[in-house]
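Notes follow once the structure below has been shown.
Chain A is the first sequence line, chain B the second, and so forth, proteins listed ahead of strands; every chain is numbered from 1.
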Amino acid sequence: MALKIIIPARIIPSRRAAPTLIRPISADLEVRIRKRFANPEGTFTLNVHFRALAGFTILFGASGAGKTTLLDCIAGLTHPDEGRIAVGGEDLYDSEMRRDVPAWRRNIGYVHQDLALFPHLTAEENVGYGLRELSTSARQERSRAILTLFRIEDLRDRRPAQISGGERQRVALARTLVTEPRVLLLDEPLAALDRPTKSSLIGDLRQWNQHHRIPIIFVTHNREEVFALGNEVIMLDNGRIVAQGQPYEVMRAPQLETVAQLSGFENVFDATVRALHNDRGSMTCQLGSSPVELETPLVRAEVGSHLRVGVRAGDLLLAIETPQGLSARNILPGTLRRLEQRDVIVSAFVDCRGAEFEVHVTLAAREELQLRPGQNVWVVVKTHSCHLMGM
Amino acid sequence: MNWEAFWLTVRLAAIVSTLLLVIGIPIACWLTYSRWRWKFLVEAAVALPIVLPPTVLGFYVLVALGSRSPLGRWWESITGHTLAFTFEGLVIGSLLYSLPFAVQPFSAAFGAVDGSLLRASASLGDSPLQTFRRIVLPLSKAGLVTGFALSFAHTLGEFGVVLMVGGNIPGVTRTISIDIYDQVQAANYSSANQTALLLLILSFLLLSVVYGLHRFGLKRSTWAVGPWR
């Protein structure tokens, strides 16, 4: 049933007298969904709740984290198990109300990584594809305007197979933007591009969005893009939002490093934050129950909180005398317990007052330092070799 | 050379392959996109004419068209004569007989269209039907041409079904292959040879066109049925 809003007659003339261009301000995207999905590592449940305002919202996470599943749900190309998706207060999906607007009525722009340009149509026809309801001349006018905005007007008569990767990306973006979507979903649209092309495209996109002010969900697993684009970052891991906020907050949050990323570290310690040094961008962490303290990069954490420190064996130095004049902040005395040769790498296991470190040295280094078990050694750890993970 | 039989056959093949374009596209579309779990049964049924002896098919079509079946009775009530041993009956029999030769290339071509294009089309505001018309059909041109040509060629050469359903009425149901049979029965070998050679060359030309299209241009579909048998 349609709601009728009755406006008192006297208000109408005054509104007409002062025509202001008001775009609907509340065009936010609200997503609260749950959906089981499968990736090569098993079945996960996508369980997210967030709100995206006009501007860029970056969806960051490893592959298989559920990013594409989430976008597909928003676009209506796949169905959530339950929840609600709304744009500007209008429900596109609501499991309780049994509402599910089909993809082609959602007016949500979606540019997939593989672009999916229609191979039998020229660039201009591709761009005009979504403007079916306009007259031929209006369609042509709109398509040409956006082709010009994206600086690809000379390609208009070419087929997708005849244009370069970066140009194809522009055509795909233009094809979606020309339909003036309410929300724009970009699934790693820049992944295949070199850096200059990438930044000029981001520039074009920003410029376009200054006039349109719609929520843009931008999926990436590239840290650089996160900082380049900016506003809000949502960090997704195994279907869950593990962090959300400004790039510098989220990208440095300890939750950022996940179990999957931890697998490359030979040295992993449970640690307790002992002191924060905001002035110099570092903090002191005590390793396990040992008295050893490491100076690590500063993350959002509180004194007394527990986290995990990972250090690669190849990032550590081993010294047989007290090292002096080094920039490294952590110089830990210890005893060499054993040596194991693996191929051309020697793993030296050093006990530093209860914390055992594995250090990789070369065969030549073992010979020259005449390393042997029982020897007193020093392990050198650079602050930025310490990677922090949430517990 | 029996030109009457020749033109009758060409007319039959043209009508049948055109009708199969109309009937075959929705069937192929359903076979390609349906997720019904028993779909394979329909696929098997559509493919039956490939393996079934034409006499078996012809027999059942004859029964179905006869005045004892509902279809036969309905047809008789509006036209006043039965379907069996008429050109219309022949068309119906041939439609069934050549169905897989149209549906399978269509379906293979539809299935070869990249799913991401369909998703892109949906996100750009096209309903599934519009997407089918604007994306799937144009990209399946080669498959459509193949299915049309194969069903045409296949109908051109049919024998068993025609004999069962149509009989051998000159100018009505006597097709070119039956004419050849008649000539041989009458020990009229040179005339049989002329007709047979014409059919051979025509079929070869048709298939050359189909393969040529795949080789030089409309490369977008794979074979589901070879143009053999």
Checklist entry - Residue by residue, which of residues 139-156 of chain A have a heavy atom closer than 4.5 Å to a heavy atom belonging to chain B? => result none
Next on the checklist: Counting only non-hydrogen atoms closer than 4.5 Å, does A:L117 touch chain B with its backbone (N, CA, C, O), its side chain (CB onward), both, or neither?
Outcome noted: backbone
Item to check | Residues, nucleotides or ligands: over 12 heavy atoms within 6.0 Å of B:L41 CG | outcome: yes
Item to check | Neighbourhood of chain A inside residues 155-163 of chain B, taking heavy atoms under 4.5 Å as contact | outcome: none
Checklist entry - Non-hydrogen atoms of chain B under 4.5 Å away: do they reach the side chain of A:H112, the backbone, both or neither? => result side chain
Checklist entry - So, A:R36 and A:D81, do they make that salt bridge, N to O below 4.0 Å? => result no
Checklist entry - Hey, is A:K67 close enough to A:D187 for a salt bridge, meaning N to O under 4.0 Å? => result no
Item to check | Pair A:D114 + A:R168, salt bridge at N-O below 4.0 Å | outcome: no
Checklist entry - Do the ring planes of A:Y129 and A:F118 sit parallel (below 30°), tilted (30 to 60°) or perpendicular (above 60°)? => result tilted
Item to check | Parallel, tilted or perpendicular: ring planes of B:F6 versus B:W3, cut at 30 and 60 degrees | outcome: perpendicular
Item to check | Full working for side-chain hydrogen bond (donor to acceptor under 3.5 Å, both in side chains) between A:D157 and A:T122 | outcome: CA-CA 5 Å; A:D157 296 326; A:T122 63; 5.3 Å; no
Checklist entry - Has A:F50 got more than 12 heavy atoms of other residues, nucleotides or ligands less than 6.0 Å from its CZ? => result yes
Checklist entry - Charged N to carboxylate O below 4.0 Å: is that the case for A:K35 and A:E82? => result no
Next on the checklist: Please identify, among A:L185, A:N107, A:D72, the residue contributing the most non-hydrogen atom pairs under 4.5 Å to chain B.
Outcome noted: A:D72
Next on the checklist: Can you confirm whether more than 12 heavy atoms, excluding those of B:W7, are under 6.0 Å from its CH2 atom?
Outcome noted: no
Checklist entry - Between A:R170 and A:S200, is a side-chain hydrogen bond (donor to acceptor under 3.5 Å, both in side chains) present by the stated rule, with each step listed? => result CA-CA 10 Å; A:R170 287 174 189 276; A:S200 92; 2.6 Å; yes
Checklist entry - chain A: which of B:S127, B:P128, B:A120 shares the most heavy-atom pairs with it under 4.5 Å? => result B:S127
